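Quick note: numbers below take in every heavy atom, side chains included, and nothing from hydrogens, waters or symmetry partners. For reference, positions follow the sequence shown, starting with 1. A quick note: this is a predicted structure, and the numbers were derived from the prediction, not measured.
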Amino acid sequence: MSSLLLLGDSHFARITGGWAQQLARLTGLRIVNRASGGATSSALLAQDSAVDFGTAAIAVSVGTNDAAPWQRVPPSTFAAHLRLFVESIQLRPLLYLAPPPVHEPRLEFGPDDRTNEALVAYRSAARAVCGAGHAMFLDPSQALADSEHDPFEADGLHLNGTGYRIVLPALAEALKWDSGAQRTDAS
């Protein structure tokens, strides 16, 4: 069975158990998850070593940790890391999940933590990289904002069940795109 390789940060690392089973049902692909909490864009090439001939598609989620003030990865450096990764992937559909917004009042470090304003710069940089590299760009921000229920864990950073019930079907739908197409936006 072909697989979907998940790489990146905790937004994907948390797709285990029932969430991984649901994503497998939605995509028809076996889920191989190599994402890890705290990962930044510089970790992608190391995580990429899991790519094998059974990998039908790759989905990546980074940017939230790059935006953390204690990381201080400039958006231009983030874009360079992402560009290197996108260029290293050959003949496989690649989908990039943009950093979801955060619920700023609940963040652990308060005003010294990530902000939605800062995350916009990373989304913009990633959108440009995906457009140039013909990777699919998926931004869940509006769908999460439109939710009738709170999509965030108590920490204000991670998605909860509501958030994953929004993101996983969008991810599966975006992965249905024709890999030969020049499509770059599923937001």
Note to self: Which residues pass the side chain to side chain contact (heavy atoms under 4.5 Å, CB included) test with Ala67, not counting sequence neighbours?
What the structure shows: Arg114, Leu119, Tyr122
Check: Sequence neighbours excluded, which residues qualify as salt bridge (Lys or Arg N to Asp or Glu O under 4.0 Å) partners of Asp155?
Finding: none
Next item on the list: Report the residues that fulfil side chain to side chain contact (heavy atoms under 4.5 Å, CB included) with Ala35, sequence neighbours left out, ordered by chain and then residue number.
Entry: Phe12, Ala13, Asn33
Check: Side chains of Ser147 and Arg165: is there a donor and an acceptor less than 3.5 Å apart?
Finding: no
Notebook entry, point to check: Is the shortest side-chain N to carboxylate O distance from Arg106 to Asp150 below 4.0 Å?
Noted result: yes
Note to self: Using the salt bridge (Lys or Arg N to Asp or Glu O under 4.0 Å) criterion, which residues pair with Arg25? Sequence neighbours excluded.
What the structure shows: none
Next item on the list: Considering non-hydrogen atoms only, spot the tightest contact between Met136 and Ala174 and give its length.
Entry: CE-O, 3.9 Å
Next item on the list: Compare every heavy atom of Pro101 with every heavy atom of Leu144, then report the nearest pair and how far apart it is.
Entry: CD1-CD, 3.9 Å
Next item on the list: Please name all residues satisfying side chain to side chain contact (heavy atoms under 4.5 Å, CB included) with Ser36, sequence neighbours left out, ordered by chain then number.
Entry: Ala39, Gln47
Report all side-chain donor-acceptor pairs from residues 70-84 shorter than 3.5 Å, counting only partners two or more places apart or in another chain.
residue, atom, partner, partner atom, Å
Arg72, NE, Pro69, O, 3.1
Arg72, NH1, Pro69, O, 3.3
His81, ND1, Ser41, OG, 2.9

Item checked: Distance-only donor-acceptor check, side chains Asn65 and Thr40, under 3.5 Å -> no
Next item on the list: Could you tell me the separation between the CZ atom of Arg14 and the NE2 atom of His158, rounded to the nearest 0.5 Å?
Entry: 4.0 Å
